[in-house]
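Remember, it's 1-based here, ligands and their atoms both numbered in the order they're listed. Note that the structure is a prediction, hence the values are computed from the model and not measured. For the single chain, residues carry numbers from 1 onward in sequence order.
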Amino acid sequence: MRLSAYFLPTLKETPAEAQIVSHRLMLRAGMVRQSSAGIYSWLPLGFRVLKNIERIVREEQDAAGCQEILMPTIQPADLWRESGRYDDYGPEMLRITDRHERDMLYGPTNEEQITDIFRHSVKSYRELPKLLYHIQWKFRDEVRPRFGVMRGREFLMKDSYSFDVDKPSAMRAYNKMFIAYLRTFKRMGLKVIPMRAESGPIGGDTSHEFLILADTGESEVACHRDFIDADLVASDIDYEGDLQHLVDGFTDKYAATDDERDPSKEKELGDALVIARGIEVGHIFYFGTKYSKSMGAVVAGPDGEDTALEMGSYGIGVSRLVGAVIEASHDDAGIIWPESVAPFKVGLLNLKTDDNGCVAACDGIYAKLRSAGVEVLYDDRPERAGVKFADMDLIGLPWQLVVGPRGLKSGTVEVKERKTGERPEMPLETALAQLTA
Ligand code: ATP
Ligand code: MG
């Protein structure tokens, strides 16, 4: 993409309304624009990151055997009356009346809806287990929408739902999601800590939140220092194998969200206790038969008797993650995207657009990189070098390929790695080989 043609409305000034760094940088880098409180439009640069995050989430859900569907945003209130949550949910739910005076709502989550689909379609335990997910916009009329996309009112969530005939089978689904989550966040360059959590309005008895630690996190959490020092890796997973020992290994040490903290355990930990602030990027629940019983979702069990489905639900804050990745990876100059989610891999900077040699060289490099399948943002604008450097640092692409007349005389360019700030000069061919590898 040529920057001269790209819609990238960057801001010079720091927007006064943005209190945390990710919100400031997302506005300054022209990624999003607020429409009304907690509701955002995604502009091209931000949208590319959102899509990359969504893609990683999808790939890891698919790998874990979860099947993608798409449920609507608008749901009938009657389903929520059946589960009893229509009244329980309170003012966070956006309630809508259609022209026939029917009560509808903009879904804050989809347990009722998927349970309804399931009860009409699945009749026997032989059709179980099943794991389904969708990636869809949610609406929660948060009291205090803030921090940009981190606590929005409209936000994109991946939510999965598991259906099993008994608890041991439901726990296998829970464990699959647990491991899939570790893999998902790791691919985004995030260090997450799975913590024991309360299950809140969704209800149930086994629940973990996945948090990244950041000073700007909204909740206070506590964990064993080992979580900070160690890297939780879950590679080469056989999702059909027994994952319990793996999950146990990731959860045997103390880690708890604010409402699950245990003063006596924390005292025992002594120096190994870390108290920090965290951003919740994912949350998994096992809630048994809470919805299947109230909504009559039963299957014929092995003995022929009606058995209420054992269920769980598993959320990831896809749009929140865009902010969370920035909270975890930035410096004074701007964003530092991990390559896996970066909107483009390479920024190509032509330092002298009124020099025919520079233009020809840059056009050639641009064509080569693109034909090698590399995503490039080509700064071909007639701007000063200083402006170009500042904009590139702000939008945080992992690599900057800097082309100027002086280097070209000897056939060299500069390749700056955004993360380290290192900017070695090298022959053009070497640079191309490195960036297309
Ligand atoms: P929180 O405690 O932050 O309000 P929650 O526990 O109500 O979140 P869940 O129902 O667990 O949220 O939703 C699953 C995921 O969706 C969360 O882990 C979070 O990443 C994301 N999420 C929830 N609320 C919002 C929001 N208002 N804006 C952006 N993302 C959100
Ligand atoms: Mg939660």
| query | What do you reckon, are the aromatic ring centroids of Y291 and Y161 less than 6.0 Å apart? | reply | no
| Are any of the N or O atoms of R140 closer than 3.5 Å to those of ligand 1? | yes
| note | L232 and K186 have their tightest heavy-atom pair at O-CD, 4.0 Å
| remark: Note: ligand 1 atoms sitting under 4.0 Å from heavy atoms of G317 are 15 (C), 16 (O), 20 (O), 21 (C)
| For G282, the ligand 1 atoms whose distance to one of its heavy atoms is below 4.0 Å | 18 (O)
| query | Is there a side-chain hydrogen bond (donor to acceptor under 3.5 Å, both in side chains) between Y366 and R2 once you walk through the steps? | reply | CA-CA 9 Å; Y366 181 52; R2 284 177 184 266; 5.3 Å; no
| said: So that I know where these two stand, are F178 and Y314 an aromatic pair - ring centroids less than 6.0 Å apart? | reply: no
| Contact check, M150 vs ligand 1, heavy-atom distance below 4.0 Å | yes
| request: Kindly say whether A297 contributes a backbone atom to a donor-acceptor pair with the side chain of R119 at under 3.5 angstrom? | output: no
| Any donor-acceptor pair under 3.5 Å from R95 side chain to Y86 backbone | yes
| request: Taking all non-hydrogen atoms of both residues into account, name the closest pair between Y125 and G301 and its distance. | output: CD2-C, 3.4 Å
| task | Just let me know how E218 lines up against ligand 1, side chain, backbone, both or neither, with a heavy-atom cut-off below 4.0 Å. | result | neither
| Which heavy atom in R48 sits nearest to a heavy atom in P343, and how many Å separate them? | NE-O, 2.6 Å
| said: I want to confirm something. Looking only at heavy atoms, which of R151, E154, E280, M157 is nearest to atom 4 (O) of ligand 1? | reply: R151
| said: Does the residue V149 have a heavy-atom contact with ligand 1, meaning some pair of atoms that are separated by less than 4.0 Å? | reply: yes
| query | Non-hydrogen atoms of T109 versus ligand 1: any pair closer than 4.0 Å? | reply | no
| message | Checking the N or O distance criterion of under 3.5 Å, is ligand 1 in contact with R320? | response | yes
| query | Around the Mg ion (ligand 2), how many protein N, O or S atoms are closer than 2.8 Å? | reply | 2
| request: List the atom of A197, the atom of E209, and the distance in Å for their closest heavy-atom pair. | output: CB-CG, 3.5 Å
| request: Starting at CZ of R55, measure out to CD of E59 and round the result to the nearest 0.5 Å. | output: 5.5 Å
| Is the W137 ring parallel, tilted or perpendicular to the W42 ring (thresholds 30°, 60°)? | tilted
| request: Ignoring angles and geometry beyond distance, decide whether G152 reaches within less than 3.5 Å of ligand 1 through its nitrogen or oxygen atoms. | output: yes
